[in-house]
Amino acid sequence: MLSVRNLNVSLGGTRIVTGIDLELGAGELVMLLGPNGAGKSTFLKALSGETQYHGSVLLSGCELTRWQPQRLARRRAVMPQRVDVNFPLTVKEVVRLGRPRSAPVNDLVVLELLRALELEHLVNRMVPGLSGGEQQRLQLARVLAQIVDCPGESLLLLDECTSALDPAHQQLVLELVRHLARKRDMAVLAIVHDLNLAAQFGDRLMLMESGRCVLDGRAEQVLTPANLKLVYGFHARIVHLPEGYPMVIPTGRVASQTAPSNPVCRQAS
Amino acid sequence: MIRDAAGRLRLGPSVGLMTCAAVIAAITSITIGAYPLAVADIASVFLGRDAADPVASMVLIEVRLPRFLLGFLVGAVLAVSGAILQGLFRNPLADPGLIGVSAGASLAAIAVIVLGSTWLGGWLAFAGEWALPVAAFVGGSGTVLLAWRIANRAGQTSVATLLLAGIAINAVAGAATGLLTFYATDEELRSLTFWTMGSLGHATWRDLLVGAPFMILALVATPWLIRPLDAFLMGESVVGHLGYRTDTVKKVAIVVVGLGVGAAVAVSGLIGFVGLVVPHLVRQLLGASHRVVLPLSALLGGTLLVAADSVARVVVSPAELPIGLMMALIGGPFFLALLLRTKVI
């Protein structure tokens with residue numbers, strides 16, 4: 001479905017993303033992890049067409065930049081980290097807006113998505129008045145409306161789609177994404193910061209650091225105390241749940257290498 | 001039931017109501033004035049009856065009709081331009097004045113008025129009566145191109161830079177206008193004031209001939225912008241995600257606004273607030289979808305300007321208030337009240 005080969009992104013002369021390879025199959029859910037500033041969002045922006053890249057990104061065998069925009073909009077949907085709606089649009093209008101010109105008009109899809117994301121009761125409400133979590137679920141509904149009924153495979157890129165949600169809604173959203181991925185042949189690449197959500201829902205976890213992919217594998221391979229200490233810089237205990245995935249319990253930060261030069265730290269010692 | 005489930009006015013009755021208002025404004029605008037006309041006069045002139053009063057016929061054809069048509073067109077174009085810019089900038093307070101179009105157009109016009117007898121004598125001799133409107137149009141379009149060039153670097157258009165470039169252009173144009181005012185003679189000053197206050201008082205068929213093609217072209221191009229502008233409301237990146245060529249959309253929008261506003265300023269001077277108040281009102285009453293906002297802004301903008309022009313002719317009769325002044329008087333407080341009343345802008 002998606003095949004990334006030696007992808008590089010430079011912004012203003014600085015290399016942000018270096019030599020990333022990734023294979024993503026239809027129905028697969030890959031969680032993209034890494035500390036702040038690791039280049040996760042930039043990598044996603046390259047895949048979503050917002051940033052120029054060097055290397056090759058094949059979507060269904062065709063280079064991303066050679067897709068006709070309207071046909072691509074039906075096969076690839078992107079949920080940005082933040083979307084602020086300042087204008088008086090209703091919930092239903094926003095989801096409808098997600099339907100690209102090339103998609104058939106279908107309000108059934110719109111209503112079904114709103115129901116699946118527990119937004120049905122808000123269908124005629126103005127978006128600027130919704131809570132942060134409601135807005136985030138609404139944006140996911142809009143993004144899903146773009147590709148959910150497209151014939152064939154599709155690609156879904158999510159940048160922190162659960163950051164504003166309570167735990168119950170985090171489960172709801174990721175269960176829905178996983179369900180749709182399997183049922184509709186969607187390949188999903190999602191940036192998440194919650195390692196336990198990543199472990200629970202990711203078929204694979206991809207760990208980035210300083211613009212490079214340092215690990216790509218199953219949760220128990222990626223989420224080890226040694227890896228977390230090295231990449232994130234925190235100590236953790238890993239509990240292997242009977243459900244079949246590991247759980248990360250942080251136990252403290254690794255003392256920073258630069259600590260002695262920090263005057264506050266020196267004073268404390 | 002005039003409100004729908006979302007608490008907005010229903011579209012059908014609203015369109016009906018606005019059309020009625022437009023017709024009433026049209027009839028009022030054509031009948032009232034220093035030489036009052038009756039509806040019967042209009043009918044008899046249009047039906048070509050011999051009984052028509054020759055003076056009434058002359059007033060109707062040569063004065064009232066071009067004035068009404070021009071007023072409606074200018075109002076429609078200014079309102080639609082405002083709506084487009086607000087969508088593009090994702091800011092309900094954007095206005096054609098914002099990116100410097102109006103200022104550039106009026107600066108060019110003022111330059112012709114003040115420097116027409118000296119430096120620009122050749123231009124005046126060459127263009128004759130067309131010198132002023134053509135200069136305003138060129139000034140407006142030129143400003144858009146300039147702002148565009150500044151904002152358009154490395155193959156991408158930055159809306160924020162465009163906005164800031166507009167502020168700089170406005171400042172420079174304002175200073176240049178001030179300088180010209182400083183050097184203007186008394187007679188030039190009167191003509192200049194008339195221009196900066198905006199007026200439909202001298203509307204002729206010639207003005208229509210100069211301005212209408214550009215304004216109509218701008219209006220005709222807007223339907224293409226409806227869906228991409230809706231996507232713009234979600235953010236600039238979403239436009240691309242939804243399969244629209246973001247830079248093409250921006251270019252078309254800027255050209256439409258430059259063309260329309262340049263032509264509008266060329267024929268009627270500086271008229272503010274139409275582009276600000278009308279789209280805002282439509283959005284508050286009927287929602288923010290551009291499928292609704294663009295066409296109804298055109299209808300309401302035209303109606304508002306024609307109605308305001310009728311009032312401007314009556315309040316201090318036999319003299320008349322400049323329409324730009326009139327719009328500022330109505331628009332300023334109205335907009336302030338709207339701002340204070342609404343939580344979301």
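- Around CD of Glu23(A), the count of heavy atoms belonging to other residues, nucleotides or ligands within 6.0 Å exceeds 12.
- When all heavy atoms of Gln86(B) and Phe87(A) are compared, the closest pair comes out as O-CZ, 3.7 Å.
- His193(A) NE2: more than 12 foreign heavy atoms inside a 6.0 Å radius.
- Enclosure of atom NZ in Lys40(A) by more than 12 non-hydrogen atoms of other residues, nucleotides or ligands within 6.0 angstrom is indicated.
- Proximity of Met234(B) to Leu89(A): side-chain heavy atoms (C-beta onward) are separated by under 4.5 Å at one or more points.
- Here the closest non-hydrogen pair linking Pro80(A) and Ser237(B) is CG-OG, 4.3 Å.
- Residues from residues 93-106 of chain A that place a non-hydrogen atom less than 4.5 Å from a non-hydrogen atom of chain B comprise Glu93(A), Val94(A), Leu97(A), Gly98(A), Arg99(A), Pro100(A), Arg101(A), given in numerical order.
- When each of Ala5(B), Gly243(B), Ser289(B), Gly287(B) is checked for heavy-atom pairs under 4.5 Å with chain A, Gly243(B) comes out on top.
- Only the side chain of Gln146(A) comes within less than 4.5 Å of a heavy atom in chain B; its backbone stays farther off.
- One distance of note links CG of Leu72(A) with CG of Leu242(B); it measures 11.0 Å at 0.5 Å rounding.
- Taking the side chain as every heavy atom from C-beta outward, Met79(A) and His241(B) never approach each other to under 4.5 Å.
- Open room surrounds CD on Gln52(A); 12 or fewer heavy atoms of other groups in view lie less than 6.0 Å from it.
- In this structure, the portion of Met126(A) lying under 4.5 Å from any heavy atom of chain B is its side chain and not its backbone.
- The parts of Arg90(B) that come within reach of chain A are both its backbone and its side chain, each placing non-hydrogen atoms under 4.5 angstrom from that chain.
- Contacts with chain A (heavy atom to heavy atom, under 4.5 Å) involve no residue of residues 294-304 of chain B.
- In this structure, Arg182(A) places its CZ atom where more than 12 heavy-atom neighbours from other residues, nucleotides or ligands lie under 6.0 Å away.
- Partners of Arg115(A) by salt bridge (Lys or Arg N to Asp or Glu O under 4.0 Å), not counting sequence neighbours, listed by chain and number: Glu120(A).
- Residues of residues 73-85 of chain B never come within less than 4.5 angstrom of chain A, heavy atom to heavy atom.
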